[in-house]
> 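Have a look at the structure that comes next, please.
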Amino acid sequence: MHIQDSHWSTASTIAPGGGSMGGAMGSAMSAAGNGRDASRSAPLRVDAQRNLEHVLRAAREVFGELGYGAPMEDVARRARVGVGTVYRRFPSKDVLVRRIAEEETSRLTDQARAALGQEDEPWSALSRFLRTSVASGAGRLLPPQVLRVGVADEADGYDEARVPQQRTTPGSGELRLVPEEAPLVSADDDAGAAALLEVVGRLVERARAAGELRTDVSVSDVLLVIATAAPSLPDAAQQAAASARLLDILLEGLRSRPV
């Protein structure tokens, strides 16, 4: 399975009117406290709050369908507002991308915690998390620092259930956080990713200890299943059926088999 994060890296290339995001938009981001506070300031008027909700909903849909490279104009059209309205709340494309990715990472973390706390059987907990996450479509919106598959130091062994380290060295495949190399990553983004990886790691560790999960399945494999088992299809019913079928196949591949 291969995850493309090129969509993410092209997120901030175009500004309204066709100009570069590096000048005025960069200044706007700095003025907004790296952009994050711009979308979460004082209470909004009713109409402004409604517009913000429309923009966020549209952004989730558009980025989920087209990736984070989709232009802001597409988000504005889906939200049925002017592109200027979008930029008033999110002074750059990067800010909106961060907001959506942060929310989806948090949603997955909550889903993992719910599965961990409400399911006694390790395999039931892991499969519930996977089914809930795939059905929500959150996998299509995860940031690349969560989905990035790096390489682990062979000296580290093969305990992928743990929270990944910060850097990578040549060795066997394992998911790692690499904030220096991933674009648009802040300390808060990194903390959110680490929280997700920690709780998913607990699900993986429990299922593996119970002998129900293949010993070579890692946290990165589980997250890649979430990302790839949620195809974006034009027909909602067809998409749901395809996701369910693909996830059933992938779950069978994750389970351990008696020797």
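Only heavy atoms go into these numbers, but all of them, side chains included; no hydrogens, no water, no symmetry mates.
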> Would you compute the distance between atom OG1 of T132 and atom CG of D110 and round it to the nearest 0.5 angstrom?
12.0 Å
> Atom CG in L213, atom CG in L254: separation rounded to 0.5 Å?
6.0 Å
> Counting distance only, does the side-chain N/O of S124 pair as donor-acceptor with the main-chain N or O of E119 below 3.5 Å?
no
> Checking the side chain of T85 only, and the main-chain atoms of V81 only, is there a donor and an acceptor separated by less than 3.5 Å?
no
> Report yes or no: does Y68 contribute a side-chain atom to a donor-acceptor pair with the main-chain N or O of R98 at less than 3.5 Å?
no
> Looking at R255, I want to see if its CZ is surrounded by more than 12 non-hydrogen atoms of other residues, nucleotides or ligands under 6.0 Å.
yes
> Taking R140 for the side chain and G64 for the main chain, is one N or O donor matched with an acceptor at less than 3.5 Å?
yes
> Between R128 and Q111, is any side-chain donor less than 3.5 angstrom from a side-chain acceptor?
no
> Under 4.5 Å between any side-chain heavy atoms of D47 and R50, yes or no?
yes
> Is the backbone of S133 close enough, under 3.5 Å, to the side chain of S136 for a donor and an acceptor to pair up by distance?
yes
> Examine distances only and state if a side-chain atom of S106 and a backbone atom of E102 form a donor-acceptor pair shorter than 3.5 Å.
no
> Is it true that, when you exclude E53 itself, more than 12 heavy atoms of the residues, nucleotides or ligands shown sit nearer than 6.0 Å to its CD?
yes
> Using only atom types and a distance under 3.5 Å, with no angle test, would you say the side chain of R99 pairs donor to acceptor with the backbone of D94?
no
> Quick check for you: to the nearest 0.5 Å, what is the distance between L126 atom CG and L203 atom CG?
6.0 Å
